[in-house]
Structures are given as structure tokens and as C-alpha cells.
Protein chains: 2
Amino acid sequence: MTDFTIRCQNCSFNHLCIPVSLNNTEMNSLDEIIERKRPLHKNDQLTVPGQKFTSLFAVRSGSFKSYITSSDGEQQITGFHFPGDIVGFDGLYSDQYQSYTQAMETSMICELPYEKLDQMSAQLPTLRREMLKIMSTEINQDHSMMMLLNKRTAEERLAHFLTTLSDRFSNRGFSAVEFNLTMTRNEIGNLLGLTVETVSRLLTRFQKENIINVDGKLIHIVDIVGLKQKLGDPSSAVSCSEKFGTHN
Amino acid sequence: MTDFTIRCQNCSFNHLCIPVSLNNTEMNSLDEIIERKRPLHKNDQLTVPGQKFTSLFAVRSGSFKSYITSSDGEQQITGFHFPGDIVGFDGLYSDQYQSYTQAMETSMICELPYEKLDQMSAQLPTLRREMLKIMSTEINQDHSMMMLLNKRTAEERLAHFLTTLSDRFSNRGFSAVEFNLTMTRNEIGNLLGLTVETVSRLLTRFQKENIINVDGKLIHIVDIVGLKQKLGDPSSAVSCSEKFGTHN
DNA sequence: CGCCGTTTTGAGCAGCATCAATTGAAGTGG
DNA sequence: CCACTTCAATTGATGCTGCTCAAAACGGCG
């Protein structure tokens with residue numbers, strides 16, 4: 001597809017992405033099979049349940065949410081995705097994607113056709129291993145999430161969410177203390193098993209406690225230590241870091 | 001190791017296990033690398049967090065629970081495992097298992113040394129694909145679990161749990177309507193984000209409503225239709241079937 | 001400017017947790 | 001083999017966290 005002259009080599013998120021464990025030669029082979037497509041706009045669907053599984057996708061810019069739905073119309077967000085994240089693993093199960101993956105803003109993706117990826121992985125042990133590793137990470141994150149949902153209070157959940165976002169942005173070279181939420185309060189609540197009202201109330205509470213500053217979608221973390229004290233659990237298995245954007 | 005003259009070929013759970021998509025030749029190669037070890041006893045740990053990742057494990061008989069712990073001592077059960085289930089995928093992430101996997105009764109396992117499995121998978125596309133597929137299933141199940149925990153009432157959660165157990169036993173050739181719980185009420189509650197008391201109260205309520213019969217650990221499902229009516233969600237993405245024993 | 005989706009704030013309520021006590025079952029050792 | 005200990009399960013009384021319902025303020029966009 002259109003190239004846009006982007007290569008894994010000079011991608012600023014390659015340390016988070018599939019290439020992380022590949023050497024230069026391997027990265028070049030990977031580059032060969034990647035299709036870089038035109039941007040998606042806000043609310044565009046990258047995958048939809050039932051759609052034939054063909055590819056994994058790496059987020060190049062922007063942000064996505066993944067969610068599943070139940071037959072009675074309930075919606076459950078399973079993760080938010082930022083640059084470097086891989087999505088689409090849910091599709092391997094039955095050769096059909098199981099989730100919606102929707103752009104939360106104008107975003108770009110790298111498409112990794114699975115057949116080619118699979119063939120490459122037969123030759124490259126590191127690639128083979130890396131894919132399993134990413135899926136394993138996802139599984140561990142989901143397990144941490146189960147603990148968060150079952151054992152933590154609303155306050156602890158939101159504190160986890162904010163510190164995790166902070167970590168993720170930091171990993172990507174963005175500010176760890178000031179960032180824009182691309183998701184609504186409603187979506188945050190959906191992920192965390194809380195209502196909008198509770199999320200809103202907690203954000204204002206945190207602000208009153210001089211832990212954060214909230215200006216609409218803009219979050220400024222004033223007292224990161226105070227925020228971390230609100231985590232029920234100082235450090236869980238997979239640290240919940242990178243959790244809130246589970247590869248789906 | 002001691003052989004016990006069990007082979008995948010004649011294992012009554014091979015339709016649920018890794019061999020499901022392999023042909024006879026492939027299954028034989030797999031058999032070559034499997035180590036069948038002596039039985040584990042109740043409460044024995046198959047894996048422990050931090051332990052070096054070496055193998056995946058297939059449950060051959062008995063049952064296991066997997067759980068993670070947080071630094072403040074909280075424990076979160078992430079799944080129950082029955083014959084044919086594969087456990088250990090959590091270890092790929094950092095070359096160390098992340099969870100405890102503990103026998104709930106006297107149980108047998110097949111050990112699949114990962115290095116050998118990986119080498120085999122370079123040659124066998126079906127095996128390669130199958131491993132990813134199993135992990136993908138696990139991820140989808142975990143996502144269903146998130147919806148269950150975030151959106152369903154206590155009653156709906158327990159109804160889900162019971163129907164899922166029923167399905168899983170049925171898949172394994174056991175009775176779908178009468179089975180023994182190998183886990184305690186406490187462990188059920190832990191998985192479902194409920195307290196022991198709530199689980200106990202609900203079981204007695206279901207019994208009063210003539211939906212099930214409870215005699216200690218022995219559950220008899222009297223009215224499967226009535227039970228399914230209690231599910232908030234008649235059919236979710238991965239049906240939550242096979243969910244409650246997530247491969248960890 | 002006016003509309004609509006999002007966010008905030010308040011008041012009241014309920015589902016499930018917590019605390020407490022009893023019973024039952026299982027395992028242990030004398 | 002039985003007494004004792006320990007753990008699991010049941011049942012009741014009470015309370016709290018976070019949900020529900022409602023309404024107003026805000027903000028982006030055509």
C-alpha cells in the first residue's frame with residue numbers, strides 16, 4: 001500500500017512493538033510484509049466481530065478502544081491501545097475477530113498480514129517467540145485486571161488507571177504527568193466496572209486532594225506519590241503497567 | 001520419565017487438547033516430547049511465580065486452580081483447569097511463570113517442554129497455529145470474564161459459573177447435570193468477585209427455586225433451562241464456555 | 001446561536017460485603 | 001477408634017460503597 005516512507009527501523013515505538021527482539025535483518029524482512037494504510041478517523045472500526053481474521057495490527061499513531069458486546073446489547077471495553085500496541089489476537093481463536101476495535105481519534109496503523117507473518121515465524125525463532133510473548137503479556141494483564149475488578153475499590157481502580165496511563169505515555173516518550181484523555185469518562189468507567197458518575201466524582205475528589213489537576217480531557221498529575229498511595233496494591237504481578245491497553 | 005503407556009492417540013481428552021488439529025504423524029511426534037510425570041497430590045504446586053518457565057502442561061486427570069497474588073497478599077483465582085486444558089502460557093511473558101497452579105485433588109499432567117515444542121512448531125504449521133489459537137481462546141475468555149465481573153449481578157455470575165462447569169464436564173464425557181465441585185465455595189467466590197457467604201446463599205436460593213440440588217460438594221442440575229434463564233446474557237462472544245478454566 | 005453529547009453534582013437506595021455465631025465435615029494424633 | 005482440632009459452609013443482622021435517577025452546566029460543532 002502507500003508507503004509513507006515509514007519503516008520499523010526509524011519508528012519511535014519499535015521498542016514496544018513486535019520488532020523489539022528482532023535484529024536488523026529480521027526487522028527488514030518484517031518491513032517487507034507490513035502494509036501501511038491510510039489513516040482511520042474517529043469512530044472508524046478497524047475490526048468488527050465476525051469479520052474474517054487476516055491480520056494483526058500495530059497502532060502507529062492515535063488511539064483505539066477494543067470492546068465486546070453481549071447478546072443483550074451490553075458493551076464491555078477490553079482495552080485502550082496506543083502506538084506500538086498490537087491488536088487482533090482475538091481473531092486467531094476462530095479465524096474471525098471477536099471484538100470491535102475502534103479509533104478514538106484520527107489514527108494510523110501498520111497491518112501485518114497473518115499468513116506472511118506465520119511463514120516468517122517458521123524461519124525466525126525470535127519472531128515466533130515474540131508473538132507468543134506478546135500474547136502471554138496480554139493474558140497476564142487480563143489476569144491483573146481480574147484482580148483489579150474483584151478486589152479493589154473504585155478509588156483504587158481509577159488510581160491504577162491513571163498511573164498506568166502515565167506509565168504508558170512515559171514509555172512512548174510523552175509526558176508522564178500531563179496528557180490528554182482520548183476516551184470519555186463513560187469509557188473509563190466501562191473498562192473499570194464503574195459508572196460515569198463515580199469516575200467523575202473521583203476525578204474531582206483527586207483534584208480536591210491536590211493529587212491531580214483536571215481540565216476537561218487534560219489531566220495533570222501533580223502528586224504522583226500521592227496517586228500511587230491510592231493503589232491498593234503497590235505492585236502486582238505484571239504491574240498492571242501496559243494493562244489498560246490489552247492487545248485484544 | 002515413567003511412561004504409564006498413555007499416548008495422545010488414545011487419550012480421551014485429545015479433542016480438547018493440543019493434538020486436536022494434528023494428524024497422526026504429527027501427534028506421534030508430539031508424543032515423543034511429552035513427559036508424563038507422577039501424580040500430584042492435593043495442594044501440590046505445579047508452577048509458582050518466579051519459577052523459570054520451561055514447559056506447558058496439559059491436565060491429564062484431576063483438577064487445578066491458577067491464581068496470582070498481589071504484594072499486599074490478596075489472592076485472585078484466574079481459572080480452574082480440567083483434563084485437556086493447557087496451562088503455563090503465563091510463563092512466556094518473562095520466561096518465568098507468573099501464577100501459582102495448584103492441584104485441587106490428586107491429578108496427573110503431561111509436561112510439554114517448551115524448547116522442543118517450539119522447534120517442532122517451526123516444522124509444523126498446524127502446531128504453530130494451534131498454540132496461538134489456544135492462547136487466543138484464553139484471551140477471549142478473559143475478556144468475557146471482564147464483562148461478567150463488570151456487568152452481571154451475583155446471581156448471574158453464579159449461574160454462568162454453573163452452566164459453564166456443566167458444559168465443560170459434558171465436553172469431557174462426564175455428566176452435564178451431576179458433578180462434584182473440587183473447589184470450595186470460597187474459591188468460587190474468589191473467581192467471581194463474590195464472598196463465600198453470597199455464594200452459599202445463592203446456592204441455597206437456587207435449590208429453593210428447584211433449579212439445582214446441592215449436597216455439599218455434589219451439584220445436581222435439576223432445571224437447566226431455569227438456570228440458563230438466570231444468565232443475564234444468553235450468549236456472549238466466546239460463550240464463556242470453557243471460560244472458567246482459563247489457560248493461564 | 002442552538003443542539004446534542006459529555007460532564008458534573010446531588011439525593012436516595014440497594015445489592016452485596018462485613019461481622020458474628022453455629023453447625024457440619026474432615027483430618028490428626030493419642 | 002474416638003476426642004480434638006481445623007477448615008468449610010450456612011444463616012442472620014447490619015452497614016456501606018457505588019448505583020440509580022434526576023437535573024443542571026458545559027463544550028464542541030454544524
Side-chain angles (χ1 to χ4, degrees), chain A residues 41-43 65 74-77 102 104-106 147-162 180-209 212-219 230 232, chain B residues 41-44 63 65 74-77 80 102-106 147-162 180-209 212-219 230 232:
Chain A
H41 299 105
K42 185 170 178 168
N43 296 333
K65 66 169 172 176
E74 293 267 27
Q75 207 166 298
Q76 177 61 54
I77 295 180
Q102 187 174 30
M104 295 193 295
E105 60 188 315
T106 302
M147 167 148 345
L148 191 71
L149 298 177
N150 278 350
K151 299 279 192 307
R152 304 295 168 201
T153 65
E155 190 173 88
E156 289 166 342
R157 292 185 211 180
L158 190 65
H160 260 285
F161 178 76
L162 291 174
N180 255 296
L181 300 177
T182 53
M183 68 291 295
T184 66
R185 309 278 196 269
N186 199 0
E187 289 166 335
I188 296 172
N190 185 293
L191 179 75
L192 299 177
L194 305 170
T195 58
V196 208
E197 294 93 329
T198 302
V199 172
S200 176
R201 274 185 254 271
L202 287 173
L203 284 174
T204 50
R205 187 197 298 176
F206 286 175
Q207 185 163 30
K208 278 180 189 153
E209 294 172 343
I212 61 175
N213 235 308
V214 185
D215 178 17
K217 299 260 180 198
L218 185 65
I219 301 287
K230 290 201 172 283
Chain B
H41 299 104
K42 184 168 178 169
N43 296 332
D44 284 353
S63 51
K65 65 170 172 177
E74 293 268 26
Q75 207 165 299
Q76 178 59 55
I77 294 180
F80 298 124
Q102 186 173 32
M104 296 194 294
E105 60 188 315
T106 302
M147 166 150 341
L148 191 71
L149 297 178
N150 278 351
K151 298 281 192 304
R152 304 295 169 202
T153 65
E155 190 174 88
E156 289 165 343
R157 292 185 211 179
L158 189 64
H160 260 284
F161 178 75
L162 291 175
N180 255 295
L181 301 176
T182 53
M183 68 290 294
T184 66
R185 309 279 196 271
N186 200 357
E187 288 166 336
I188 296 172
N190 185 292
L191 179 75
L192 298 177
L194 305 170
T195 57
V196 207
E197 294 93 328
T198 302
V199 172
S200 176
R201 274 185 253 270
L202 287 173
L203 284 175
T204 51
R205 187 196 298 177
F206 286 176
Q207 185 163 31
K208 278 181 190 152
E209 294 172 343
I212 61 174
N213 233 308
V214 185
D215 178 17
K217 299 260 181 195
L218 184 67
I219 302 286
K230 289 201 173 283

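Computed from heavy atoms alone, side chains included, the values below leave out hydrogens, waters and symmetry copies. Chain letters run A, B, ... following the sequence lines, proteins first and then strands; every chain starts at 1.
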Asker: Rounded to whole angstroms, how far apart are NZ on B:Lys151 and C1' on C:dG15?
Answerer: 17 Å
Asker: Should we count NZ of A:Lys217 as having more than 12 external heavy atoms under 6.0 Å?
Answerer: yes
Asker: Tabulated below should be each protein N or O lying under 3.5 Å from an N or O of nucleotides 3-7 of chain C; please produce it.
Answerer:
{"residue": "C:dT7", "atom": "OP1", "partner": "A:Arg185", "partner atom": "N", "Å": "3.4"}
{"residue": "C:dT7", "atom": "OP1", "partner": "A:Lys217", "partner atom": "NZ", "Å": "3.2"}
{"residue": "C:dT7", "atom": "OP2", "partner": "A:Arg185", "partner atom": "N", "Å": "2.9"}

Asker: Could you run through nucleotides 22-30 of chain D and give me one letter per nucleotide, 5' to 3': B if any protein heavy atom sits under 4.0 Å from the base, S if only the sugar-phosphate is that close, - if neither?
Answerer: ---------
Asker: Just to confirm, is there a sub-4.0 Å distance from OP1 or OP2 of D:dT17 to any side-chain nitrogen or oxygen of A:Thr198?
Answerer: no
Asker: Not counting sequence neighbours, which residues clear side-chain contact (heavy atoms from CB on, under 4.5 Å) with B:Glu209? List them please.
Answerer: B:Arg205, B:Phe206, B:Ile211, B:Lys230
Asker: Which nucleotide sits closest to the side chain of B:Thr204: D:dT11, C:dA17, D:dG18?
Answerer: D:dT11
Asker: Quick one: does B:Arg201 reach the base of D:dG12 with a side-chain donor-acceptor pair under 3.5 Å?
Answerer: yes
Asker: Are the side chain of B:Gln76 and the backbone N or O of B:Asn190 linked by a donor-acceptor pair below 3.5 Å?
Answerer: yes
Asker: Roughly how many Å is it from CZ in B:Phe206 to C1' in D:dA9, rounded to a whole number?
Answerer: 17 Å
Asker: Going by the rule side-chain contact (heavy atoms from CB on, under 4.5 Å), which residues pair with B:Ser200 if we only count those two or more places apart in sequence or in a different chain?
Answerer: none
Asker: Give one of base, sugar-phosphate or nothing for A:Leu194, where a contact means two heavy atoms less than 4.0 Å apart.
Answerer: sugar-phosphate
Asker: Any base atoms under 4.0 Å from B:Gly193, or only sugar-phosphate, or nothing? Heavy atoms, all strands.
Answerer: sugar-phosphate
Asker: Answer with yes or no whether the side chains of B:Asp44 and B:Gln102 bring together a donor and an acceptor at under 3.5 Å.
Answerer: no
Asker: Would you please name every residue forming a side-chain contact (heavy atoms from CB on, under 4.5 Å) with B:Arg185, sequence neighbours left out?
Answerer: B:Leu181, B:Val196, B:Val199, B:Leu203, B:Val214
Asker: Using whole Å, what does the distance between atom C1' of nucleotide C:dG24 and atom CG of B:Leu218 come to?
Answerer: 17 Å
Asker: What's the CZ-P distance between B:Arg205 and D:dT10, to the nearest Å?
Answerer: 14 Å
Asker: Taking atom CG of B:Leu158 and atom CG of B:Leu192, what is their separation to the nearest 0.5 Å?
Answerer: 6.5 Å
Asker: Output all residues satisfying side chain to side chain donor-acceptor pair (under 3.5 Å) with A:Glu187, sequence neighbours left out; order by chain, then residue number.
Answerer: A:Lys65
Asker: Could you tell me how far apart B:Leu181 (CG) and D:dC7 (C1') are, to the nearest whole angstrom?
Answerer: 17 Å
Asker: Quick one: B:Leu192 CG to C:dA17 P, roughly how many Å, whole number?
Answerer: 11 Å
Asker: Round to a whole Å and report the spacing from CD of B:Glu155 to P of C:dA14.
Answerer: 17 Å
Asker: Whole-Å distance between C:dG15 C1' and B:Leu149 CG?
Answerer: 16 Å
